[in-house]
Each structure stands twice: as C-alpha cells, then as structure tokens.
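In what follows, a structure is listed as structure tokens, so that the remarks can point back to it.
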Amino acid sequence: MAEMYIRVAEEENEEPMEIPSEDDGTVLLSTVAAQFPGACGLRYRSPVSQCMRGVRLVEGVLHAPENGWGNLVYVVNYPKGRKMDEIDASSATKIKRGDQKTSDLIVLGLPWKTTEQDLKDYFNTFGEVIMVQVKRDVKTGNSKGFGFVRFAEWEAQGKVMSQRHMIDGRWCDCKLPNSKQGPDEPMRSRKVFVGRCTEDITADELRQFFMQYGEVTDVFIPKPFRAFAFVTFADDQVAASLCGEDLIIKGVSVHISNAEPKHNNTRQMMERAGRFGNGFGVGGFGELSPLIEPKLMDI
DNA sequence: GTTGAGCGTT
C-alpha cells in the first residue's frame with residue numbers, strides 16, 4: 001500500500017495533524033503517541049450513526065474501520081479522559097500530597113484455604129477491589145497465609161485498615177505493607193525499576209502500558225526471568241513521578257522505584273566512581289555479578 | 001499430608 005496519512009486531532013473540531021500509516025494500512029499507537037503524548041487510542045464520529053466509535057486496537061496496532069480510514073478526523077483518547085499535560089500537572093501535586101491514592105494492603109492471618117476469589121468477595125463489600133493476591137509457595141501452591149488487596153477508593157482502604165476482619169473463620173488484619181511505610185526518595189533518572197513482574201508480562205506490554213505516562217525509550221527484562229524489569233522514559237520527570245507507585249499491569253501489582261540502588265555496595269560505588277572518571281576503568285574491578293549488573297547500565 | 005508471625009521471587 002502506498003504511503004498514507006490519517007487525520008488526527010486532540011478534539012473533534014480542532015485542526016487535525018496528519019499521521020503516517022504502516023505499509024499494511026494500520027497505524028501504530030506509538031506513532032500517534034509520538035505526536036500526542038499519553039494517547040491510548042483513537043475514536044471517530046461515524047457518518048452513519050453519528051455516534052463516536054472506537055478504533056480497534058490490538059497490541060499497539062490501530063486497525064482501520066470497515067471502509068478504510070477515509071478522510072475522517074480521528075480524535076485522540078487519553079487514559080481516564082485526561083490529557084498528558086493534565087496528568088503532568090496532577091502528578092506534580094500528587095508528589096506533595098501523597099494521599100488520596102490507594103496503595104496495596106497486606107492481609108495477615110488468612111486461613112490456608114482462602115482463595116483470591118474468597119478475598120475479592122469479602123472485600124468487595126467495602127468498595128471496588130481492583131487487585132487481590134494470595135501469596136503461595138511456588139513449589140506446593142500452598143497459601144502462605146497472607147495476601148494483598150487494593151481498593152479503587154481511598155475511603156474503602158481507610159475503613160478496611162481501621163478494623164479487624166473475620167475471613168473464613170479467622171481474624172485477619174489489613175495494614176500498609178512495610179514496603180510502603182517509608183516513601184521512596186526520588187532521583188534524577190530516566191529509568192525506573194519495575195519490581196514484582198510476573199513472567200507473562202512481555203516487554204511489548206510494558207512499553208504499551210508505560211506509554212500512557214510519556215515516551216518510552218527502552219524496556220529491559222532480564223533473562224532468565226527474575227521478576228523485575230527496567231523501563232526508560234525520554235523525560236526524567238515522568239520517571240520521577242512514577243517512583244513509589246504500585247501500578248497494576250494485567251492484574252499484577254508491580255512496584256515502581258528508581259533504577260539507582262538505595263544503598264550502594266562497595267563494588268557498585270567503586271564502579272560508579274570509575275564511570276565518573278576518577279581514573280579507574282570499568283574493567284578494573286573484575287567482572288560484575290550478573291545479579292547487580294542491570295542496575296549499573298546506562299542510568 | 002505439618003504451620004500461625006510475618007511482609008510482595010530486585
């Protein structure tokens with residue numbers, strides 16, 4: 001197919017910008033997001049029904065409507081209907097306030113038999129549950145007797161933390177987990193550490209997910225699987241605004257922190273000193289453990 | 001095949 005452009009605008013009656021399609025006639029969401037940072041999809045007004053229609057989106061690829069893209073103006077969708085600059089503005093204030101947004105709660109004392117469905121059914125009476133986990137032994141699959149829950153509303157979280165819970169015949173407590181007690185300190189890095197990844201989350205899915213916050217320049221998943229990943233943004237402020245957050249990707253709560261280690265070990269400090277030109281080269285301290293090496297890459 | 005204070009496969 002010959003080179004083609006589709007017309008895209010931020011609002012229905014604003015001047016459209018022409019966005020190039022791919023050879024097969026599809027349009028990449030990443031191409032749209034390059035011009036409209038934060039975009040998560042497209043919609044258009046159907047000439048037939050006069051209703052707004054969504055453009056089919058499959059794994060980051062936008063597919064033309066039945067009769068092709070035509071000369072319609074496509075309107076950019078943003079997550080929760082918010083534009084990127086609005087997200088920027090609110091995330092700036094979010095860092096100061098730090099409240100109102102929910103965080104995962106640890107649920108202690110669960111009966112061995114309690115399942116994630118049980119947890120969800122129980123906690124749904126307090127508010128909308130957006131994540132539940134029962135921690136299990138990876139070998140046996142037996143519950144470890146604790147889990148995590150995340151609510152959509154701050155009010156529900158407060159209520160749940162303020163009381164004990166009778167779940168399947170045992171008293172359980174819900175608290176802020178230790179990992180959330182102390183706030184993570186922000187630093188100037190374009191790269192974030194994504195902890196608690198599951199094996200089924202692909203690099204492409206990470207890229208698609210994090211694109212909503214800003215341009216993603218790199219995604220790194222160590223192989224073999226080690227339950228974490230790195231995501232690099234074009235803008236360090238985007239990276240900083242995400243640090244400390246628990247984000248939910250494919251139903252999994254991942255924890256975002258800075259790619260810089262909190263406490264450098266001696267070798268890392270010497271290595272870093274070397275990178276800043278004190279005369280000791282990178283190779284000067286022997287090979288690095290593959291377990292710490294990712295933290296040292298192009299931060 | 002067990003258990004009962006804890007803290008999420010960096």
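In what follows, chains are A, B, ... by sequence order, proteins preceding strands, each numbered from 1.
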Between A:F230 and A:F193, is the ring centroid distance below 6.0 Å? yes
Let me spell it out: for each of A:C197 and A:P111, pick the nucleotide of DNA chain B with the closest heavy atom. Which residue's pick is nearer the 5' end? A:P111
Taking side-chain hydrogen bond (donor to acceptor under 3.5 Å, both in side chains) as the definition, give me every residue that meets it alongside A:Y122, ordered by chain and number, with sequence neighbours left out. A:H165
DNA chain B nearest-nucleotide lookup for A:G195 and A:K144: closer to the 5′ end is A:K144
Indicate yes or no: at least one non-hydrogen side-chain atom of A:M211 is less than 4.5 angstrom from one of A:L29. yes
Residues of residues 116-130 of chain A with any non-hydrogen atom less than 4.0 angstrom from an atom of DNA chain B: list those, numerically ordered, please. none
Does the separation of the ring centres of A:W69 and A:Y5 fall below 6.0 angstrom? no
Is any side-chain heavy atom of A:T114 closer than 4.5 Å to a side-chain heavy atom of A:L119? yes
Considering only heavy atoms, which members of residues 167-174 of chain A lie under 4.0 Å from some atom of DNA chain B? A:R170
Distance below 4.0 Å between A:K135 side-chain N/O and B:dT9 OP1 or OP2: yes
Contact class for A:L105 (heavy atom, under 4.0 Å): base, sugar-phosphate, or nothing? nothing
Looking at the base of B:dG8, is there any donor atom on it, or on the side chain of A:D104, that sits under 3.5 Å from an acceptor on the other one? yes
Output all residues satisfying side-chain contact (heavy atoms from CB on, under 4.5 Å) with A:N142, sequence neighbours left out; order by chain, then residue number. A:T140
Please enumerate all protein N or O atoms sitting under 3.5 Å from an N or O of nucleotides 1-3 of chain B, with distances to 0.1 Å.
none

Answer yes or no for this row: A:F148 ring on B:dG8 base, centroids under 5.5 Å, planes under 30°. yes
Counting any heavy atom closer than 4.0 Å, what does A:P224 reach on the DNA or RNA strands: base, sugar-phosphate only, or nothing? nothing
Apart from A:V48 itself, which Ile, Leu, Val, Met, Phe, Trp or Tyr residues share its cluster (side-chain heavy atoms under 4.5 Å, direct or through members)? none
